[in-house]
Amino acid sequence: MCLYHNGNFYNAKILGIEEIEGVNHYVIHYIGWNKRYDEKLPFGSERMSKGSVGELGWVESERQIPDSEQSSDSQRFDVGEEFVLMSRYKVPYTANVVEIKQIENRNYYVVRIHGWAPEYDETLPFGSIRMLKGTVQEYYSRRARIRNA
């Protein structure tokens, strides 16, 4: 998997190796994406990690999840349920669902990070890649297993 410029991890594969100005780079292709998004990353880049997005408990992208699957049991959260909320800066926090609401025929979770005031609640669509099942400790354990694979 590879960290794209938008701050999200996506499944990717290495197409080859290319030398650029004396430095070896991997040619990266994001699986399911147009080749215009392919990029070259130097060996040892921290943006690359062994494993898949699914192993982290994430889904690929909100855009790729059909509405009919967005509330599947594996990604569904109930009011009061604790989960891992990834901040926009990829920091995991323990949070819980405080409300489920519908806006323009689409379902959303209202979520609150533990210890934070209600004015910081966020409204996230069903299937959001920022919401992960499990605990923060489990998240770090999965990441360690993937990095050590």
Side-chain angles (χ1 to χ4, degrees), residues 1-77 81-98 100 103 106-117 119-149:
M1 66 183 166
C2 193
L3 183 65
Y4 190 66
H5 303 287
N6 64 5
N8 293 324
F9 278 100
Y10 296 94
N11 289 326
K13 65 181 175 179
I14 298 171
L15 296 179
I17 297 172
E18 189 174 309
E19 186 177 322
I20 301 172
E21 297 179 3
V23 177
N24 285 330
H25 286 67
Y26 290 112
V27 179
I28 302 297
H29 173 74
Y30 294 93
I31 297 171
W33 293 31
N34 188 295
K35 67 180 181 179
R36 73 175 173 258
Y37 296 105
D38 290 0
E39 58 183 323
K40 297 167 185 156
L41 296 174
F43 281 23
S45 172
E46 292 185 6
R47 290 183 44 209
M48 297 172 59
S49 182
K50 289 182 180 180
S52 71
V53 172
E55 290 176 74
L56 289 176
W58 297 7
V59 291
E60 272 291 320
S61 163
E62 293 170 23
R63 293 182 311 276
Q64 296 174 343
I65 304 170
D67 286 341
S68 62
E69 295 177 15
Q70 286 188 356
S71 61
S72 70
D73 289 341
S74 65
Q75 288 302 117
R76 174 120 170 95
F77 297 87
E81 184 174 352
E82 287 189 357
F83 62 95
V84 177
L85 176 65
M86 294 301 292
S87 75
R88 291 181 177 91
Y89 306 103
K90 300 299 175 211
V91 175
Y93 291 96
T94 301
N96 68 300
V97 176
V98 293
I100 295 175
I103 304 170
R106 189 156 182 211
N107 292 319
Y108 290 85
Y109 296 109
V110 177
V111 302
R112 181 173 302 147
I113 295 173
H114 286 200
W116 291 33
E119 59 260 28
Y120 298 106
D121 288 358
E122 291 191 56
T123 301
L124 299 171
F126 275 31
S128 173
I129 61 174
R130 293 181 52 211
M131 297 174 70
L132 309 175
K133 292 279 187 178
T135 66
V136 171
Q137 183 178 4
E138 291 168 339
Y139 165 79
Y140 281 120
S141 293
R142 284 190 300 258
R143 281 203 56 104
R145 274 196 320 272
I146 289 168
R147 285 193 172 148
N148 294 329

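Keep in mind that what you see is a predicted model, and the values were worked out from it rather than measured.
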(message) Nearest 0.5 Å, please: how far is CG in L85 from OH in Y109?
(response) 12.5 Å
(request) Compute both the distance and the angle, then confirm whether K133 meets the cation-pi test with F77: under 6.0 Å from the six-membered ring centre, within 45 degrees of the axis. (result) yes
(message) I'd like to know whether OH of Y120 has more than 12 heavy-atom contacts from other residues, nucleotides or ligands below 6.0 angstrom.
(response) no
(request) Any chance you could measure R112, atom CZ, to D121, atom CG, to the nearest 0.5 Å? (result) 4.0 Å
(message) In the structure I gave you, are the side-chain heavy atoms of Y108 and V110 within less than 4.5 Å of one another anywhere?
(response) no
(request) Over 60° means perpendicular and under 30° means parallel, so classify the ring planes of Y4 and Y30, tilted if in between. (result) perpendicular
(request) Mind checking ring-ring contact (aromatic ring centres under 6.0 Å, His included) for Y37 and listing every partner two or more places apart, or none if nothing turns up? (result) W33
(message) Using only atom types and a distance under 3.5 Å, with no angle test, would you say the side chain of H29 pairs donor to acceptor with the backbone of V27?
(response) no
(request) Would you please name every residue forming a ring-ring contact (aromatic ring centres under 6.0 Å, His included) with Y89, sequence neighbours left out? (result) none
(message) Can you tell me how far apart SG (C2) and CE (M48) are? Round to the nearest 0.5 Å.
(response) 6.0 Å
(request) Provide the closest heavy-atom pair for Y93 versus V136 in the form atom of the first, atom of the second, distance. (result) C-CG2, 3.8 Å
(request) Answer yes or no: does atom CD of E21 have more than 12 heavy-atom neighbours from other residues, nucleotides or ligands under 6.0 Å? (result) no
(message) Main chain of M86, side chain of R130: is a donor-acceptor contact present, judged purely on distance under 3.5 Å?
(response) yes
(request) For E19, look at atom CD and say whether over 12 heavy atoms of other residues, nucleotides or ligands are found less than 6.0 Å away. (result) yes
(request) To the nearest 0.5 Å, tell me how far F126 CZ sits from R106 CZ. (result) 10.0 Å
(request) Quick one: closest heavy-atom pair of I31 and K13, and the distance? (result) CG1-N, 4.3 Å
(request) Please tell me if the side chains of V23 and K40 come closer than 4.5 Å, counting only heavy atoms from C-beta onward. (result) no
(message) Looking at E81, I'd like to know if its CD atom is crowded, meaning that more than 12 non-hydrogen atoms belonging to other residues, nucleotides or ligands lie closer than 6.0 Å.
(response) yes
(request) First locate atom CG of L15, then atom OH of Y26, and finally report the distance between them rounded to the nearest 0.5 Å. (result) 13.0 Å
(request) Please tell me if the side chains of E82 and T135 come closer than 4.5 Å, counting only heavy atoms from C-beta onward. (result) no
(request) Give, for atom CD1 of I28 and atom CE of M1, the distance between the pair rounded to the nearest 0.5 Å. (result) 12.5 Å
